[in-house]
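For reference, the structure is listed below as structure tokens.
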Amino acid sequence: MAPSGMYPKGPLGSLIRRAVPLIAEIRSGELRTEDCDAKIAELQELYPYCPRWLDLLFLESADLTDEQVMEKALEYRPFAL
């Protein structure tokens with residue numbers, strides 16, 4: 001993903017510019033539980049198409065940067081049953 005000054009323009013760029021700092025705050029470990037829950041809820045509202053936010057934030061992606069976590073969320077595609 002591009003550095004913060006090089007995000008795409010329009011809605012996708014706005015989403016990324018807001019979501020990446022949220023991801024950083026959540027992953028920092030410095031938030032109280034209530035604040036962390038609120039930030040996760042905000043992230044899920046920003047991009048509800050990824051049902052795996054908690055996995056991406058805490059389990060699968062410990063070695064990824066915050067931008068890479070967002071990139072993984074954007075890659076999610078639901079499948080038809």
Side-chain angles (χ1 to χ4, degrees):
M1 188 159 288
S4 61
M6 301 184 73
Y7 293 139
K9 293 184 182 199
L12 180 60
S14 295
L15 166 70
I16 295 168
R17 278 189 292 281
R18 180 62 192 124
V20 170
L22 274 175
I23 292 167
E25 283 184 88
I26 293 165
R27 295 174 86 200
S28 73
E30 297 175 5
L31 296 174
R32 296 178 314 152
T33 300
E34 300 83 19
D35 296 333
C36 187
D37 290 345
K39 300 283 183 185
I40 290 170
E42 184 178 349
L43 189 59
Q44 289 171 327
E45 285 178 30
L46 273 173
Y47 195 70
Y49 310 107
C50 179
R52 302 178 45 236
W53 275 118
L54 293 176
D55 289 343
L56 289 174
L57 291 168
F58 300 114
L59 300 176
E60 296 177 12
S61 307
D63 57 332
L64 298 179
T65 66
D66 301 327
E67 290 83 4
Q68 290 170 325
V69 169
M70 185 65 212
E71 191 172 290
K72 287 277 188 191
L74 292 172
E75 289 174 359
Y76 175 79
R77 298 290 182 262
F79 57 93
L81 297 176

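Every heavy atom of this structure was used, including side-chain atoms; hydrogens, water molecules and symmetry mates were not.
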Pair L59-L54, side-chain contact (heavy atoms from CB on, under 4.5 Å): steps then yes or no: CA-CA 7 Å; L59 300 176; L54 293 176; over 6 Å; no
CG-CG distance between L43 and L57, expressed to the nearest 0.5 angstrom: 6.0 Å
- request: For side-chain contact (heavy atoms from CB on, under 4.5 Å), just list the numbers for L15 and L74, CA-CA rounded to whole Å, side-chain angles, deciding distance to a tenth of an Å, and then say yes or no.
  value: CA-CA 10 Å; L15 166 70; L74 292 172; 4.0 Å; yes
- line: Applying side-chain contact (heavy atoms from CB on, under 4.5 Å) to E75 and not counting sequence neighbours gives E71, K72
query: Do you know which two heavy atoms are closest between D66 and A24, and how far apart they sit?
result: OD2-CB, 3.1 Å
message: To the closest 0.5 Å, what do you measure between CG (L64) and CE (M70)?
response: 13.5 Å
message: Let me check something: do V20 and Y76 share a hydrophobic cluster, defined by ILVMFWY side-chain heavy atoms less than 4.5 Å apart, either directly or through other members?
response: no
- prompt: Do you know which two heavy atoms are closest between P21 and I16, and how far apart they sit?
  reply: CD-O, 4.2 Å
message: Using the rule given for side-chain contact (heavy atoms from CB on, under 4.5 Å), can you reason through L56 versus I23, listing the C-alpha separation, both sets of side-chain angles and the distance that settles it, and then say yes or no?
response: CA-CA 10 Å; L56 289 174; I23 292 167; over 6 Å; no
- request: May I have all residue pairs that pass ring-ring contact (aromatic ring centres under 6.0 Å, His included) and include part of residues 12-52, sequence neighbours excluded?
  value: Y47-Y49
message: Using side-chain heavy atoms (C-beta onward) and a distance below 4.5 Å, is W53 in contact with L46?
response: no
- prompt: Are the side chain of Q68 and the backbone N or O of T65 linked by a donor-acceptor pair below 3.5 Å?
  reply: yes
Under the side-chain contact (heavy atoms from CB on, under 4.5 Å) test, residues paired with L31 that sit two or more places apart: E25, D35, C36, K39
